[in-house]
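By convention in this document, chain letters (A, B, ...) are assigned in the order of the sequence lines, proteins followed by strands, and residues within each chain are numbered from 1.
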Amino acid sequence: MELEPSHYPAQRAAGVARACISYRRGECTDIRDIPGTGHKYHLEFTLKDTVQEVSFNCTAEVLYHLGSQHSAPEVHFTVEGELGKNPDDADNKFYSRIKSLKEPLVAQNIPDSFGIVPPEMEPIRHLAFSACDYIIWQNSTENTWYNLAQIQDVRQVKRNDDYLEFDYTVLLHDFVSQEIIPWQMQVLWHPQHGVKVTQNSRQPK
Amino acid sequence: MYQIKESNRELVTQHYLGTTYEKWPMYYLKISQPTNKAKKIIWMDCGIHAIEWISPAFCHWFVKEILQNYRTDPKISSLLQNLDLYILPVFNIDGYIYSWTTARLWRKSRSSHMNGTCFGTDLNRNFNSSWGGVGTSHNCSSSTFCGPEAESEPETKAVARLIESRKSDILCFLTIHSFGQLLLSPYGYTKEPASNHQELVDVAQKAATVLKGKHGTNFTVGPASSVLYQNSGSSRDWAHMIGIPFSYTLELRDRGAHAFFLPADQIQPTCEETTMAVITIIEYVNQKYFPNGAKLTSGNLCLNLLLSVLFVGALS
């Protein structure tokens, strides 16, 4: 996700919408204070799928709730065009490869210190981005701007059913506070059924 | 640094600033064309935040560019007639080493707090510019911990001491960070505009335009408190507050796609475009404080004397 510094609060809201839908750049058209409830952002932006090289026009409303107890921002959105895709060749190849591994996959530091991601780890990284989207959406406030910085550790958990399961420890970066936050997440994936985060917890620094 | 100094002895000298918390010596390079002239100073530092690896890379590139081209590039040689360049390639040496050996995403220094249970101060919150105010943390485990007091860190003290002692000669203070693609003018600690706000923004805009001309990279320009976020204790704010007229933070590539993990193939283009931006700023400063024609050479002097003799002759 990229920064568009003309209006940072809108960008953060767009980040939340992105985490909910997945996007690249946002533009705020309206911020409203809803007394007693929270702040509502109306956004119009373009969603860009960098893998498939397709763009979609989106509108979204992001409502940050007030209150001492944090609750996930509410996101309502419309997308022009078909977002969901059928599993492609790369997905199926990845699925087959992992399923046929004798030893469960284990890896650290993706990308490495120099920004390098081995090609066979790209799908692991894409999966982490998707799973982190859920965590980012659930944990965002008006004053956070989370992004996945690095996968610290990933371990495959072998299953008897069709799903692939991975135990990730990721490092999230909050641009506003500049904090690096370790986060553990249990992720299920299937080419047809998509991504699911079954468990996640913030870790101590 | 030693090699650069040794192979360019006519232009480069290495100067001691102080030591880091872990006792590494801090040196800056002074690039100075030897003349009898009193010159003014441009200061540039890189690597105040360890995680921002593109920053020290840029200082190294910039020094290389100057040294390779100062004889042949008229722009550079003209700048060096009037200006000395002081370059600190790595401000936060301890943190930078730690980011290579132990924790890639480390940002702060490596000073010890709370009886060795808590490490590091954000050096860019440790300066005496509304220290400890908005946008900092007093919690030593925070990424933006401002330290126990202003200038508590030996690294901050070392730099502040030099800048303070030479402030009447320093025209421009540049501090290099990543990421964001931003050219930030003072202030971060307040939304109040700097005394020369418009000029600062105009010059930054000029630099951003030149930068974009190289590889098409978009930089956003403006005061830190509006373009980025409010923060206190920054070196950029402090430099301006003690009277240095031109003070900027540059946030280099990218805008978040790779963030701190800028790919190797973007290092050179980033350095090339940033060099052009920095030269643009320095050129403006040079023109402003040493306008063309104001410099008296011996040729001019003869002509002036001749003309005044002719006029006196004509009048009498």
Side-chain angles (χ1 to χ4, degrees), chain A residues 1-12 14-15 18-19 23-26 48 50-51 108-118 121-122 125 129 132 136 142-153 169-183 203-205, chain B residues 49-54 57 99-108 118-120 122 124-125 135-137 139-145 177-184 218-222 224-231 251 253-267:
Chain A
M1 188 201 64
E2 295 199 343
L3 304 174
E4 196 57 72
S6 52
H7 195 202
Y8 272 127
Q11 274 304 296
R12 295 196 285 272
R18 175 201 71 78
Y23 81 87
R24 283 294 176 261
R25 128 196 297 142
K48 197 168 144 199
T50 49
V51 175
Q108 279 92 29
N109 295 338
I110 300 165
D112 69 10
S113 288
F114 305 98
I116 297 171
V117 179
M121 288 301 159
E122 281 288 359
R125 192 182 188 204
F129 274 125
C132 282
I136 291 169
E142 255 178 304
N143 297 308
T144 60
W145 194 348
Y146 292 122
N147 278 291
L148 170 61
Q150 192 185 36
I151 299 166
Q152 193 172 59
D153 192 276
T169 304
V170 294
L171 298 172
L172 299 182
H173 172 243
D174 174 19
F175 191 82
V176 176
S177 68
Q178 293 293 337
E179 292 297 336
I180 303 291
I181 306 156
W183 212 287
Q203 298 298 299
K205 247 167 99 151
Chain B
H49 290 138
I51 187 177
E52 298 163 8
W53 282 13
I54 188 62
S99 74
W100 275 77
T101 59
T102 312
R104 173 61 178 86
L105 295 172
W106 191 258
R107 168 187 171 87
K108 300 186 288 180
C118 206
F119 289 89
D122 184 339
N124 202 37
R125 303 287 186 278
T136 70
S137 171
N139 184 335
C140 64
S141 49
S142 166
S143 289
T144 52
F145 176 52
H177 294 241
S178 77
F179 58 96
Q181 294 175 204
L182 309 168
L183 240 166
L184 302 172
N218 285 310
F219 263 58
T220 304
V221 162
S225 53
S226 8
V227 174
L228 187 58
Y229 40 59
Q230 287 195 272
N231 69 290
E251 298 274 0
R253 289 196 199 179
D254 59 12
R255 279 199 159 150
H258 296 96
F260 301 113
F261 294 88
L262 197 67
D265 63 8
Q266 286 199 45
I267 298 176

Report the distance from atom CZ of B:R104 to atom CD of A:Q152, rounding to the nearest 0.5 Å.
14.0 Å
Heavy-atom distances under 4.5 Å only: say whether B:W106 touches chain A with side chain, backbone, both or neither.
neither
Taking all non-hydrogen atoms of both residues into account, name the closest pair between B:S143 and A:E179 and its distance.
N-OE2, 2.7 Å
For B:N231, enumerate each residue passing the side-chain hydrogen bond (donor to acceptor under 3.5 Å, both in side chains) test, keeping only those at least two apart in sequence or located in another chain.
none
Heavy-atom pair with the smallest gap, counting every atom of B:Y229 and A:F175:
CE2-O, 3.4 Å
Within the 4.5 Å heavy-atom criterion, are A:Q150 and B:L105 side-chain neighbours or not?
yes
Part of A:I116 within contact of chain B (heavy atom distance under 4.5 Å)
neither
Heavy-atom nearest pair, A:K205 first then B:S141, reads NZ-O, 2.7 Å
Okay, A:D112 and chain B: the region with an atom under 4.5 Å from a heavy atom over there is backbone
Based on non-hydrogen pairs under 4.5 Å, which of A:G115, A:S177, A:S113, A:P111 is most in contact with chain B?
A:S113
Where A:Q178 and B:T144 come nearest, the two heavy atoms and their spacing:
CB-CG2, 4.3 Å
Any residue meeting ring pair (Phe, Tyr, Trp, His ring centres under 6.0 Å) with B:F145, in chain and number order, not counting sequence neighbours
B:H113
